[in-house]
Number of protein chains: 2
Amino acid sequence: MQDIPLDRRTDQIREALEEMIVEGHFPDGARLDEVRLAEQFHVSRTPLREAFQSLAASGLVELRLRRGAFVKFPALEDVIEMFDVMAEIEAMCGRYAARRMTPEAEAEIAAALVGCETAFAADDFDGYYRANHEFHALIYRASGNRFLAGEAERLHRRLKPFRRLQLRLRGRMRESLKEHRLIFDALVAGDEAAVTAQMRAHIAVQGDRFNDLAAQYRRSIGAAGARQRDRERV
Amino acid sequence: MQDIPLDRRTDQIREALEEMIVEGHFPDGARLDEVRLAEQFHVSRTPLREAFQSLAASGLVELRLRRGAFVKFPALEDVIEMFDVMAEIEAMCGRYAARRMTPEAEAEIAAALVGCETAFAADDFDGYYRANHEFHALIYRASGNRFLAGEAERLHRRLKPFRRLQLRLRGRMRESLKEHRLIFDALVAGDEAAVTAQMRAHIAVQGDRFNDLAAQYRRSIGAAGARQRDRERV
DNA sequence: ATGTCATTTCTTGCATACAATAGGATTGAC
DNA sequence: GTCAATCCTATTGTATGCAAGAAATGACAT
């Protein structure tokens with residue numbers, strides 16, 4: 001969205017906590033203990049509290065009045081809704097990118113695509129995730145709309161853990177790569193309609209199939225200690 | 001996006017500042033003086049600083065390292081970019097709403113439309129703005145995707161000052177109302193494609209024509225004390 | 001054993017205190 | 001009079017202190 005100074009402990013802590021939450025180091029609903037975390041980071045409670053404000057704004061934690069900050073995993077339905085929106089946002093990025101593609105952008109995206117292929121060949125899930133992110137992020141930027149790119153990045157980051165899981169599905173990585181090629185070809189051809197359709201499908205399929213993943217996800221992350229709460233969470 | 005507790009001074013101050021900024025009570029680039037605002041709100045600096053974190057996250061202010069919080073008006077190009085994204089988001093809301101329309105939603109939207117007509121008849125800009133917001137917000141919710149609705153609301157709020165200005169353009173209110181009727185009819189007919197197209201046009205026209213407004217806007221708000229900065233701001 | 005209520009402890013929310021830095025004012029050299 | 005180096009002040013960033021509210025504990029009654 002915007003690059004913040006990052007020199008204050010507050011910002012460093014915000015980054016660190018965001019990473020930890022997105023990577024699933026906390027179970028859903030876990031309370032982020034101000035005092036304990038303050039000790040862990042060797043700071044007072046003040047920078048932590050300020051970091052909580054930021055995290056709450058991006059929806060990663062929930063601040064309950066006089067109860068503290070709680071890690072908030074989205075519910076299954078939330079994730080599906082988010083993928084729906086993501087599909088549309090990414091489709092829009094693709095559409096603009098197709099219209100505004102430059103030789104430089106094309107070369108960069110081509111390189112990212114090679115990265116995807118390499119990771120696929122090596123059966124490297126994490127590597128594929130990174131290359132995939134690079135591929136998509138370059139298209140965001142190629143849209144020429146920085147606000148759009150920022151929103152896309154934000155959403156992408158929020159959906160990170162769920163995208164990663166997708167890759168573990170049987171054959172998903174192969175499919176994903178095939179879709180990337182189609183998207184790339186349409187981009188190069190400047191075919192806005194095709195890019196839009198391919199991209200939308202590429203993302204939407206993840207939401208559509210997300211139900212298949214719910215159970216698996218619960219085992220892999222939710223089981224880390226989350227207890228069922230007021231409504232079902234993935 | 002999510003309903004926050006709002007009982008802490010921090011949250012009240014965040015709301016108040018957001019309102020003041022969106023309403024143009026501060027010139028672009030103005031520093032939000034912690035000490036002075038703390039006195040004004042009869043609190044210490046702590047809740048103010050926490051509110052700043054929130055505001056920075058939504059992009060309304062910029063936190064500069066050891067310099068403080070500064071009001072950040074988007075640049076002209078930023079506003080155009082934001083309207084582009086808004087057009088797509090609203091179009092998506094419309095598409096989903098057309099698919100999922102209920103009799104209740106239809107009645108509510110019809111009522112909001114009447115509100116628009118009333119305000120138009122009375123030549124009441126502010127009234128029209130409110131009715132307009134109601135009309136759009138109901139469609140967001142009718143989309144049945146709460147995440148989408150939240151994002152739409154957030155963006156709408158961020159673009160509030162620029163939308164309001166639109167209405168002052170010669171004949172814009174009449175046009176807007178006409179477009180609302182078309183959108184409503186397509187919604188009732190369940191014509192997804194038509195709603196999508198109408199809604200996209202309804203919003204995009206505001207971005208497209210925004211250049212016409214820039215000069216006017218500079219007079220009405222920017223003149224309040226903003227000095228030109230590193231790049232042109234509306 | 002279970003439920004209710006009082007008491008205690010813990011934690012948050014805010015205020016205040018202190019330390020570090022940025023930017024301007026001041027001084028002095030040329 | 002201009003420029004540079006230095007000092008001073010204002011303001012941020014962080015730590016700590018304190019009061020109010022929530023949860024935990026335990027006594028007591030049913």
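Everything quoted here is computed from the prediction, not taken from an experiment. Sequence lines set the chain letters: A, B, ... in the order given, protein chains first and strands last, and positions in each chain run from 1.
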_For B/R158, give me all partners under side-chain contact (heavy atoms from CB on, under 4.5 Å), at least two apart in sequence or on another chain._
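Here the qualifying residues are B/L60, B/M82.
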*Can you name the side-chain contact (heavy atoms from CB on, under 4.5 Å) partners of B/A204, sequence neighbours left out?*
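Scan of B/A204 (side-chain contact (heavy atoms from CB on, under 4.5 Å), adjacent residues dropped) gives B/A87, B/D208.
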Looking for any heavy atom pair under 4.0 Å, which part of the strands does [X] touch: base, sugar-phosphate only, or nothing?
{"X": "B/R9", "value": "sugar-phosphate"}
{"X": "B/E50", "value": "nothing"}
{"X": "B/R36", "value": "nothing"}

_Under the side-chain hydrogen bond (donor to acceptor under 3.5 Å, both in side chains) test, residues paired with B/H202 that sit two or more places apart_ =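 So B/H202 forms a side-chain hydrogen bond (donor to acceptor under 3.5 Å, both in side chains) with B/H136, B/E179, B/H180.
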Can you name the salt bridge (charged side-chain N to carboxylate O under 4.0 Å, His left out) partners of [X], sequence neighbours left out?
{"X": "B/D124", "result": "none"}
{"X": "A/E34", "result": "A/R45, A/R49"}
{"X": "A/R157", "result": "A/E18, A/E19"}
{"X": "B/E104", "result": "none"}

_Nearest-0.5 Å distance, CD of residue A/E62 to CG of residue A/L32_ =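 Answer for the CD-CG pair, A/E62 versus A/L32, is 11.5 Å.
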Atom [atom1] of [X] and atom [atom2] of [N]: how far apart are they, to the nearest Å?
{"X": "A/R64", "N": "C/dG13", "atom1": "CZ", "atom2": "C1'", "answer": "17 Å"}
{"X": "B/R31", "N": "C/dG23", "atom1": "CZ", "atom2": "C1'", "answer": "11 Å"}
{"X": "B/I13", "N": "C/dA15", "atom1": "CD1", "atom2": "C1'", "answer": "13 Å"}
{"X": "A/Q53", "N": "C/dG13", "atom1": "CD", "atom2": "C1'", "answer": "11 Å"}
{"X": "A/L63", "N": "C/dT11", "atom1": "CG", "atom2": "C1'", "answer": "14 Å"}
{"X": "A/F52", "N": "C/dG13", "atom1": "CZ", "atom2": "P", "answer": "10 Å"}
{"X": "A/L32", "N": "C/dT11", "atom1": "CG", "atom2": "P", "answer": "14 Å"}

*Do you see a donor-acceptor pair shorter than 3.5 Å between the side chains of B/E151 and B/H156?*
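Side chains of B/E151 and B/H156: no pair found under 3.5 Å.
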*Just grab all the salt bridge (Lys or Arg N to Asp or Glu O under 4.0 Å) pairs involving residues 126-139 of chain B, residues at least two apart or on different chains.*
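For residues 126-139 of chain B: B/D126-B/R164.
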*For DNA chain D, which nucleotides open and close the run of contacts to chain B, 5' to 3', at under 4.0 angstrom from a non-hydrogen atom?*
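Boundary nucleotides touching chain B, in 5' to 3' order, are D/dT11 to D/dT14.
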Could you tabulate the donor-acceptor pairs under 3.5 Å formed by side-chain atoms of residues 36-43 of chain B, not counting sequence neighbours?
none

*What is the bend of the helix from C/dA1-D/dT30 to C/dC30-D/dG1 when you compare the axis at one end with the axis at the other, using five pairs each and rounding to 10°?*
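End-to-end axis angle: 10°.
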So which protein N/O to nucleotides 16-22 of chain C N/O distances come out below 3.5 Å?
from: C/dT16; atom 1: O4; to: B/T46; atom 2: OG1; distance (Å): 3.3

